[in-house]
Amino acid sequence: MPCLRLSLPEREEIGRALIEDAAFPWVVIGRSLSRDPTTIAREVHTGGGRYGYSPAIAQRRAERAAYRLRRHRLGEVGPLRDRVTAELVLGHSPEAIWADLVADEVQGRVCVETIYTDVFAGVLEIKATDCLRSRRRRRRSRQTRHANARPAQANISSRPTVVNHRSDPGHWEAGHIIGRANHSAFMCMTKRVSRFSLLITTPEGYGSEAALSDLIHGLEQIPTHLQTSITFDQGSEWAQWPTLEATYDLEAWFCDPRSPWQRGRVENLNRQWCWWFPRGTDLASVEQTQVDEVAALINNLHRRSFDGFSDLSRV
């Protein structure tokens, strides 16, 4: 139900609740429809208010809005379009471009969603497959995620609140980018607070022994006081985690099975790395110096989560 437009039966249910009691709480209506209370409040306020809401009229208004022609902001020739296109060509994500526009106080700037919409609509001079991390031709519809309830050793559900809220430095996430024919890979380590990331080549593959060696190589580049915990998915390459815990006094946490998105920072970064190293690339042929250059570019991008700037001082 989330992420879908309200249907006519839902609007009729809202109408019945308001007829019964015009002061009916949004929370109660939202709970009965499995909707957010703000969705209900916005629907009623734009549809005439508590005393003038009509489900039929609201439905017709929503249908007209769904099919109206929308103006593409970046479809207009001008400096803004040229700048966004140029940054996309350089490999900057829409989020980083938006942060750049905010930092430079560009007049008439566009939001992240507008950039994505106009790229997928084809109004720019560059295709979505050539500039977006996912390299998808069409936008994929949002899906509700369902966590797998099967427990795992050191399950992420037991991870302390201070880690989940990103309020304490020293907590990391780790994952792999797999190359052509599953024969090569990179290891990515990213810090949950500052988002600082390390990309490590894996010349010996990504089996459990090699993964342990690569993790140690990554930890040697990190100050000891910033080595508190690390979160993995359920991949078999992390089988040597007890050795890591014992040697470095690290806490290890694991996502639920088939739920790698629970360590979302790595998943987001993997999409960005794949812009420079597309799927199907033989990663064994890539030198660490080239990988370090890409990592430096990513680490220095403007970030919306830091009011537009990377907080590299907290690395």
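Computed over heavy atoms, backbone and side chain alike; hydrogens, waters and symmetry mates excluded.
The two residues Arg263 and Cys255 make their nearest non-hydrogen contact at N-SG, 3.8 Å. For the residue pair Ala103 and His302, the shortest heavy atom distance occurs at CB-CE1, 4.1 Å. Counting all heavy atoms, side chain and backbone alike, Val266 lies closest to Ala174 at CG2-N, 3.8 Å. Taking both residues in full, the closest heavy atoms of Pro169 and Leu226 are given as CB-CD2, 3.8 Å, listed atom of the first, atom of the second, then distance. Contact between Leu250 and Ser229 at its shortest, heavy atoms only, is CD2-N, 3.5 Å. Nearest heavy atoms, Arg11 versus Ala62: NH2-CB, 3.3 Å.
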Could you walk me through whether His92 and Asp100 pass the side-chain contact (heavy atoms from CB on, under 4.5 Å) test, one step at a time? CA-CA 10 Å; His92 293 190; Asp100 286 340; 3.8 Å; yes

Which is it for Trp275 and Ile298 under the side-chain contact (heavy atoms from CB on, under 4.5 Å) test, yes or no, and what are the steps along the way? CA-CA 11 Å; Trp275 194 86; Ile298 291 292; over 6 Å; no

As a quick check of understanding, evaluate side-chain contact (heavy atoms from CB on, under 4.5 Å) for Leu244 and Ile230, giving each step before the final call. CA-CA 10 Å; Leu244 190 71; Ile230 189 164; 4.3 Å; yes

Would you please test Trp98 and Thr114 for side-chain contact (heavy atoms from CB on, under 4.5 Å) and show each step? CA-CA 10 Å; Trp98 172 85; Thr114 296; over 6 Å; no

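In the displayed structure, Gln107 atom CD is contacted under 6.0 Å by at most 12 heavy atoms of other residues, nucleotides or ligands. Heavy-atom contacts from other residues, nucleotides or ligands closer than 6.0 Å to CG of Asp21 number more than 12.
Here the OG-CG distance, from Ser93 to Leu132, works out to 9.5 Å after rounding to the nearest 0.5 Å. With values rounded to the nearest 0.5 angstrom, Asp168 atom CG is found 12.0 Å from Thr161 atom OG1. Once rounded to the nearest 0.5 Å, the distance linking CD of Glu43 with CZ of Arg61 reads 5.5 Å. Here the straight-line distance linking atom CG of Asp256 with atom CG of Asn155 works out to 4.5 Å at 0.5 Å rounding. With rounding to the nearest 0.5 Å, the separation of CD in Gln272 from CD in Glu95 is 7.5 Å. Here the CZ-CD distance, from Phe232 to Glu237, works out to 9.5 Å after rounding to the nearest 0.5 Å.
Not one N or O on the side chain of Asp104 forms a donor-acceptor pair closer than 3.5 Å with the backbone of Val106. Remark: side-chain polar atoms of Ser194 are paired, donor with acceptor, to backbone N or O of Phe196 under 3.5 angstrom. Of the possible donor and acceptor atoms, none in the side chain of Asp118 sits under 3.5 Å from a partner among the backbone N and O of Val123.
A salt bridge is defined here as a Lys NZ or Arg NE, NH1 or NH2 lying under 4.0 Å from an Asp or Glu carboxylate O, and Glu76 with Arg81 fails to meet this definition. Using a cut-off of 4.0 Å between Lys/Arg side-chain N and Asp/Glu carboxylate O, Arg271 and Glu267 are scored as not salt-bridged. Taking the charged nitrogens against the carboxylate oxygens, Arg83 and Glu87 do have a contact shorter than 4.0 Å, which makes a salt bridge. The residues Glu63 and Arg60 are annotated as not salt-bridged, no charged nitrogen and carboxylate oxygen being separated by less than 4.0 angstrom.
Under the 4.5 Å side-chain criterion, counting only non-hydrogen atoms from C-beta, Trp273 is in contact with Val294. Proximity of Val286 to Phe277: side-chain heavy atoms (C-beta onward) are separated by under 4.5 Å at one or more points.
Less than 6.0 angstrom separates the ring centroid of Trp238 from the ring centroid of His176. Checked against the 6.0 Å centroid criterion, the rings of Trp253 and His171 do not qualify as a close aromatic pair.
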Check: residues 197-211 side-chain donor-acceptor pairs under 3.5 Å, at least two apart:
unit_1 : atom_1 : unit_2 : atom_2 : d
Ser197 : OG     : Thr190 : OG1    : 3.0
Ser197 : OG     : Arg195 : O      : 3.1
Thr201 : OG1    : Gln288 : OE1    : 2.9
Thr202 : OG1    : Ala185 : O      : 2.4
Tyr206 : OH     : Asn182 : O      : 3.1
Glu209 : OE2    : Gln240 : NE2    : 3.3

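For the residue pair Glu113/Thr117, the side-chain donor-acceptor check at 3.5 Å is satisfied.
For the pair Arg50 and Trp26, the cation sits on the ring face: its NZ or CZ lies under 6.0 Å from the ring centre, inside 45° of the axis.
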